[in-house]
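Each chain gets a letter, A, B and so on, in the order its sequence line appears, and its residues count up from 1. As the structure is a computational prediction, the values presented were derived from the model and not from experiment.
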Number of protein chains: 2
Amino acid sequence: MARDEIGFSHPDEETLSLEAIFHALSDPYRLRIVQALAASAAPMNCGDLSFGRPKSSMSHHFRILRAAGVLHTTSQGVEHMNSLRRAALDRRFPGLMAAILGETGHPAAAPAARGLAPA
Amino acid sequence: MARDEIGFSHPDEETLSLEAIFHALSDPYRLRIVQALAASAAPMNCGDLSFGRPKSSMSHHFRILRAAGVLHTTSQGVEHMNSLRRAALDRRFPGLMAAILGETGHPAAAPAARGLAPA
DNA sequence: TCGTTTGTTCGATAAAAATGGAACTAAGCC
DNA sequence: GGCTTAGTTCCATTTTTATCGAACAAACGA
């Protein structure tokens, strides 16, 4: 369990489990957080990822995503910046995030994972 | 919702959701069921996939896997034969099952999803 | 028809998760 | 120091899941 500076604890890459990742992604808000982060070039703070829900509720969701190793959070001033742990996830479960996010070799493919209506 | 002969109801391919699939796979027994089915050439009955747990408990897990569209079940005599809905899952979420099962282009890759120790 | 096998359904209980207000902490600004 | 902003932690409540015995149902064979 790596403890970043004075910050959050994120699980080591080797300990990431499919089970925890799936649990983390089985909640609609958490899935939206992941999708929003994937779509964003830059890290995003918690407020921007709260979808109008109470802070305490969202803080709970961030914690679960962090604990599953999906998210990485660092403090920058008053805010907490979140990003996907994409490289670690890709090494540990190659193709998983790509499939979830609807990134396939074929640009026309993966309609469902991109939120588009199926052909 | 397709209702097979006199049998089980399985969701239509178009309605499969990542969220439901993730929830289904976030339980250890359910994940093992999926992995066992993937490893098996032939469909398997419920007893062979029960890992020594009570029937009523496992029946519950089968129902969730079916409702998520992960599993397909048919009656054959007294037994219920289960198989992965691999084709439907692959069409709807290309690469997802391959990543979960640790099937990658490179035979040496995806150690974690195949249950092997990471290099 | 009776008994056996396989699995589902019911129902009660226990365990786990989600929710959100309130109090609190850390960082920055005046 | 006092004030503001951004999140976390605490705590109680609700909701959802999991667990598993017991009763039930369907298919088959003797």
Side-chain angles (χ1 to χ4, degrees), chain A residues 1 3-10 17 19-34 36-37 40 42-68 70-83, chain B residues 1 3-10 17 19-34 36-37 40 42-68 70-83:
Chain A
M1 190 87 87
R3 189 166 285 276
D4 305 63
E5 311 105 46
I6 303 299
F8 302 90
S9 63
H10 300 94
S17 81
E19 210 178 298
I21 292 171
F22 289 149
H23 169 247
L25 299 182
S26 68
D27 176 274
Y29 290 117
R30 296 197 293 258
L31 189 53
R32 287 179 68 182
I33 289 172
V34 168
L37 281 175
S40 158
M44 299 173 75
N45 67 24
C46 296
D48 290 344
L49 291 165
S50 285
F51 309 108
R53 312 300 308 166
K55 297 200 290 184
S56 54
S57 300
M58 296 312 289
S59 191
H60 162 72
H61 290 307
F62 284 114
R63 190 156 56 80
I64 288 183
L65 285 168
R66 267 193 302 264
V70 175
L71 229 75
H72 186 262
T73 308
T74 57
S75 285
Q76 287 190 13
V78 242
E79 6 181 49
H80 293 176
M81 301 308 292
N82 303 282
S83 49
Chain B
M1 189 87 86
R3 188 165 287 276
D4 304 63
E5 310 105 48
I6 301 299
F8 301 91
S9 64
H10 300 94
S17 80
E19 210 178 298
I21 292 170
F22 289 150
H23 170 247
L25 299 182
S26 69
D27 175 275
Y29 290 117
R30 296 197 292 258
L31 189 53
R32 287 178 68 183
I33 288 172
V34 168
L37 280 176
S40 158
M44 300 174 76
N45 68 21
C46 296
D48 290 343
L49 292 165
S50 285
F51 308 108
R53 312 300 310 167
K55 298 199 291 181
S56 53
S57 300
M58 296 314 288
S59 191
H60 162 72
H61 291 308
F62 284 114
R63 189 155 56 80
I64 289 183
L65 285 168
R66 249 180 255 130
V70 174
L71 229 75
H72 187 263
T73 308
T74 56
S75 285
Q76 288 190 14
V78 241
E79 9 184 44
H80 292 177
M81 301 307 293
N82 302 284
S83 49

Taking all non-hydrogen atoms of both residues into account, name the closest pair between [X] and [Y] and its distance.
X	Y	answer
A/P43	A/M81	O-CE, 3.4 Å
B/E19	A/S26	CG-O, 3.3 Å
B/A24	B/L65	CB-CD2, 3.9 Å
A/T73	A/H10	N-NE2, 2.9 Å

Separation of [X] atom [atom1] from [N] atom [atom2], in whole Å?
X	N	atom1	atom2	result
A/I33	D/dG7	CD1	P	12 Å
A/E79	C/dA27	CD	P	14 Å
A/L71	D/dG7	CG	P	12 Å
B/H80	C/dT9	NE2	C1'	12 Å
B/M81	D/dA27	CE	P	16 Å
A/N82	D/dT8	CG	C1'	13 Å

Can you list the residues that meet the side-chain contact (heavy atoms from CB on, under 4.5 Å) rule with B/A20, with sequence neighbours excluded?
->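 Testing B/A20 for side-chain contact (heavy atoms from CB on, under 4.5 Å), a comparison that skips the adjacent residues, returns B/S17, B/A68.
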Discussion item. If you apply the rule side-chain contact (heavy atoms from CB on, under 4.5 Å), what do you find for A/I33 with A/M44, and how did you get there?
Written reply: CA-CA 10 Å; A/I33 289 172; A/M44 299 173 75; over 6 Å; no
task: Kindly state which residues belonging to residues 21-32 of chain B come within less than 4.0 angstrom of DNA chain D, counting heavy atoms of the residue only, listed by number.
output: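 The answer is B/H23, B/R30.
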| task | Taking only heavy atoms on the protein side, list every residue of residues 57-67 of chain A lying under 4.0 Å from any atom of DNA chain D, sorted numerically. | result |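 DNA chain D contact set from residues 57-67 of chain A: A/S59, A/R66.
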Distance-only donor-acceptor hits, side chain of residues 50-63 of chain A, under 3.5 Å, sequence neighbours excluded:
unit_1 : atom_1 : unit_2 : atom_2 : d
A/S50  : OG     : A/C46  : O      : 2.8
A/R53  : NE     : A/Y29  : OH     : 3.4
A/H61  : ND1    : A/R30  : NH1    : 3.0

message: Using the rule given for side-chain contact (heavy atoms from CB on, under 4.5 Å), can you reason through B/N45 versus B/D48, listing the C-alpha separation, both sets of side-chain angles and the distance that settles it, and then say yes or no?
response: CA-CA 6 Å; B/N45 68 21; B/D48 290 343; 3.1 Å; yes
Would you confirm whether the ring centroid of B/F22 sits within less than 6.0 angstrom of the ring centroid of A/H23?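 Here the rings of B/F22 and A/H23 have centres that are no less than 6.0 Å from each other.
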- Apply the test ring pair (Phe, Tyr, Trp, His ring centres under 6.0 Å) to residues A/H80 and A/F8: give CA-CA distance (whole Å), side-chain angles for both, the deciding distance (0.1 Å), then the verdict. CA-CA 10 Å; A/H80 293 176; A/F8 302 90; 4.7 Å; yes
**Message:** Nearest 0.5 Å, please: how far is CG in A/L25 from CG in A/L31?
**Reply:**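 Atom-to-atom, A/L31:CG and A/L25:CG are 6.0 Å apart.
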### Query
Distance from B/N82 atom CG to B/L37 atom CG, nearest 0.5 Å?
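Result: 6.0 Å between the selected atoms.
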Which residue lies more 5' along DNA chain C, comparing A/Q76 with A/P54 via nearest heavy atoms: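 Nearest-nucleotide comparison on DNA chain C picks A/P54.
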- prompt: Quick one: is D/dG7 close enough that its OP1 or OP2 comes under 4.0 Å of any side-chain N or O from A/N45?
  reply: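 Affirmative; the distance criterion is met.
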> Under 4.0 Å between a side-chain N or O of A/R53 and OP1 or OP2 of C/dT19?
Replying inline: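 For C/dT19, OP1/OP2 do not have a side-chain N/O of A/R53 under 4.0 Å.
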Pairs under 3.5 Å (Watson-Crick or G-U), crossing ones as [ ], inter-strand ones as |: DNA chain C comes out as ||||||||||||||||||||||||||||||
Show the distances under 3.5 angstrom between N or O atoms of the protein and N or O atoms of nucleotides 22-26 of chain D.
none

